[in-house]
Amino acid sequence: MHVIEKVLNYVKEKNPHEPEFIQAVEEVLEALVPVIDADKRYVEAGILERLVEPERQIMFRVPWVNDKNQVVVNRGYRIGFNSAIGPYKGGLRFHPSVNLSILKFLAFEQIFKNSLTTLPMGAGKGGSDFDPKDKSDGEVMRFCQSFMTELQRHIGPDTDIPAGDIGVGPREIGYLFGQYRRIRNEFTGVMTGKGIDWGGSYIRPEATGFGAVYFAAEMLATRGDSLEGKVCTVSGAGNVAQFTVEKLLQMGAKVVTVSDSSGTIYDEDGIDEEKLAYLMELKNVARGRINEYAKKFTKAKFMEGEKPWGVRCDCAFPSATQNEISAKAAQTLVDNGCILVSEGANMPTEPDGVEIFLKNNILYGPGKAANAGGVATSGLEMAQNSIRLMWTIEEVDARLKTIIRDIHKNCYETAERFGYKGNYVVGANIAGFIKVADAMLDQGVI
Ligand code: NDP
Ligand code: 2IT
């Protein structure tokens, strides 16, 4: 039996109730076959067996009091998956669907993503099944304070550095950081995505969306093409989606959709800067639902309960959540002439959908490469905190662009080297793997 199959069987047997985690591991391991076959040291040192087992998994009770004076209990998590190349680094997700499987898949993906960034960051992820959406600011604050009261003993600027993800934005980071600072009696760079006046970095809010668009531009350039005039569909309406739209507009593309969990907005005329400003206000300040957009801009259509993938486009930017593009949706995208998919979200395409993109020679940028700009800029925030300086907007954006260009080049060249030219899935997984695996070889059996 091939070692890949053996390790995959082990993962399935040990984690039978974790479908998302198994899905992520399967996708990575399958892509690693050529490098495992080429270098027997990885097998001899049990690298794969160690890679699929988190270094640590912390689960804890998060009790808090709601506005009706009732006690509510949520579950909190932090996974430290791999720290071979740096301290654990990765976001926190607050969403009712959060469970161990989802956080382990995200932390596992983060290993390869963080390795690709060129910065010294290990991989972690955490969060809670808490839903910030229907809560008051006071409730969110009390929840965050309770969550951090336990989490603080497990993290630190050289140990584990959380950031945002779904449901965790500037408001939540503020409450979490405040509580850490109070309990630990120290002001350090223990979290990223901080406010610009208290240790944050310019461009961190924009970085994931901007990076996904820069990555798309790099992929198009390999075919002598650009984003100018391209019709683009975007899913989601949160942090990643908003700044994906902003950068696409700057690059001369036309964006015709955004969405949230209630449905999709189809704006055939295109979302311009004024409409984007409205969307940002609606989502970040009023915290409203996406159908409000169609009430304000009446030529736009609200498609209740639908995803954007039935809308004809040249380029698609899934930026909401995992498994939001089924095989059927992938086929529809291809049939409608879509030539590029750049994943702002983590694992938004189901495995059969990925197959369809690869078979049809779509420029397909998997999340661990295409959305790495977010965590890369978190790494730049950590660097600035360590030297107690702040770089300008221009400096951070230039570094982000360089990092994305390097990630693209590394993925492209690695795929080519292993005989899979143009396959960014193979390129990203192998390139991300080699750095971590070699660090594990150097450091012995840990
Ligand atoms: P936000 O919470 O800001 O926005 C999430 C958006 O996705 C919302 O519009 C939300 O709709 C929608 N969404 C979330 N869950 C679902 C679901 N189950 N079904 C349909 N729609 C859903 O999160 P981010 O923009 O930060 O994150 C989006 C994606 O990008 C995630 O996959 C995240 O892991 C990934 N990512 C984020 C990075 C970051 O820096 N923030 C970095 C790299 C990747 P609704 O409000 O209705 O729930
Ligand atoms: O999935 C991700 O890379 C993130 N949510 C960002 C993590 C980070 O530490 O900035």
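Side chains are part of it too, since the values below use all heavy atoms of this structure and drop only hydrogens, waters and symmetry mates. Atoms within a ligand are numbered from 1 in the order they appear, just like the ligands themselves.
Formation of a donor-acceptor pair under 3.5 Å by the Asn371 side chain with backbone atoms of Gly344 is found in this model. A side-chain donor-acceptor contact under 3.5 Å links Lys194 to the backbone of Met191.
Atom 16 (C) of ligand 1 has as its closest protein heavy atom Thr321 CG2, 3.6 Å. Among protein heavy atoms, the minimum distance from atom 9 (O) of ligand 2 is reached at Lys89 NZ, 2.6 Å. Summary of contacts: the protein heavy atom closest to atom 10 (O) of ligand 2 is Ser378 OG, 2.5 Å. With respect to atom 7 (C) of ligand 2, the closest heavy atom belonging to the protein is Gly91 N, 3.5 Å. The protein heavy atom nearest to atom 5 (N) of ligand 2 is Asp165 OD1, 2.9 Å.
Inclusion of Lys113 in the set of residues having an N or O under 3.5 Å from an N or O of ligand 1 is not warranted. Below 3.5 Å of separation, one finds an N or O of Arg93 facing an N or O of ligand 1. In terms of polar-atom proximity, Asn346 is counted as a contact of ligand 1, with an N or O under 3.5 Å from an N or O of the ligand. In terms of polar-atom proximity, Asn371 is not counted as a contact of ligand 1, lacking any N or O under 3.5 Å from an N or O of the ligand. Any N or O atom pair closer than 3.5 Å counts here, and Ala241 shares no such pair with ligand 1. When only interatomic distances are considered, the shortest N/O to N/O separation between Gly236 and ligand 1 does not fall below 3.5 Å. Backbone and side-chain nitrogen or oxygen atoms of Gly167 are examined, and one is located within less than 3.5 angstrom of a nitrogen or oxygen of ligand 1.
In this structure, Lys133 has a heavy atom closer than 4.0 Å to ligand 1. Note on ligand 1: Glu324 sits outside its first shell, no heavy atom being nearer than 4.0 Å. Under a 4.0 angstrom heavy-atom cut-off, Lys125 registers as being in contact with ligand 2. Ligand 1 does not have Gly169 within reach: every non-hydrogen atom of the residue lies 4.0 Å or more from it. Put simply, no part of Gly367 is less than 4.0 Å from ligand 2, judged by heavy atoms.
By the criterion of a heavy-atom distance under 4.0 Å, the side chain of Gln110, and not its backbone, is placed next to ligand 2. With a 4.0 Å cut-off on non-hydrogen atoms, Arg204 touches ligand 1 through its side chain and not its backbone. At a heavy-atom cutoff of 4.0 Å, ligand 1 is contacted by no atom of Ser235, backbone or side chain. Contacts with ligand 2 closer than 4.0 Å are made by side-chain heavy atoms of Asn346 only, the backbone lying farther away. Under 4.0 angstrom from ligand 2, there are no non-hydrogen atoms of Arg93. Counting heavy atoms closer than 4.0 Å to ligand 1, residue Arg289 contributes side-chain atoms (C-beta onward) but none from N, CA, C or O. Under 4.0 Å from ligand 1, heavy atoms of Ile166 appear from its side chain as well as its backbone. Contacts between Ala207 and ligand 1, counted as non-hydrogen atom pairs separated by less than 4.0 Å, are absent for every part of the residue.
For Lys247 and Phe210, the positive end sits near the middle of the six-membered ring, less than 6.0 Å away and at most 45° from its axis.
Using a 3.5 Å distance cut-off with no hydrogens or angles, the side chains of Thr264 and Glu306 do not pair a donor with an acceptor. Under 3.5 Å, the side chains of Asn66 and Lys135 contain no donor-acceptor pair of N or O atoms.
Counting non-hydrogen atoms of neighbouring residues, nucleotides and ligands closer than 6.0 angstrom, the NZ atom of Lys435 exceeds 12 such neighbours. Within a 6.0 Å sphere centred on CD of Glu304, other residues, nucleotides and ligands contribute 12 heavy atoms or fewer.
Below 30°, between 30° and 60°, or above 60°: for Phe147 and Phe60 the angle between ring planes is between 30° and 60°, a tilted geometry. Between Phe215 and Tyr424, the ring planes are perpendicular. Angles over 60° get that label, and only those under 30° would be called parallel. In this structure, Phe94 and Phe143 have perpendicular ring planes: the angle between them is above 60°, well past the 30° mark.
Near Asn239, the atoms of ligand 1 lying under 4.0 angstrom from a non-hydrogen atom of the residue are 3 (O), 25 (O), 26 (O), 41 (N). Every atom of ligand 1 with a heavy atom of Gly344 under 4.0 Å away is listed here by number and element: 30 (O), 35 (C), 36 (N), 44 (C).
Nearest approach of Cys411 to Ala369, heavy atoms of both residues: SG-CB, 4.0 Å.
The stretch residues 267-285 participates, sequence neighbours left out, in these side chain to side chain donor-acceptor pair (under 3.5 Å) pairs: Gln242-Asn284, Asp260-Lys283, Asp267-Lys275, Asp267-Tyr293, Asp269-Lys299.
With Pro351 as the partner, the side-chain contact (heavy atoms from CB on, under 4.5 Å) test is satisfied by one option alone out of Gln23, Glu27, Glu30, Glu26: Gln23.
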**Message:** Please determine whether side-chain contact (heavy atoms from CB on, under 4.5 Å) holds for the pair Met148 and Ile155, giving the CA-CA distance in whole Å, both sets of side-chain angles, and the decisive distance to 0.1 Å.
**Reply:** CA-CA 10 Å; Met148 184 53 85; Ile155 63 175; 4.0 Å; yes
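Of the listed residues (Lys113, Arg204, Glu381), the one carrying the non-hydrogen atom nearest atom 6 (C) of ligand 2 is Arg204.
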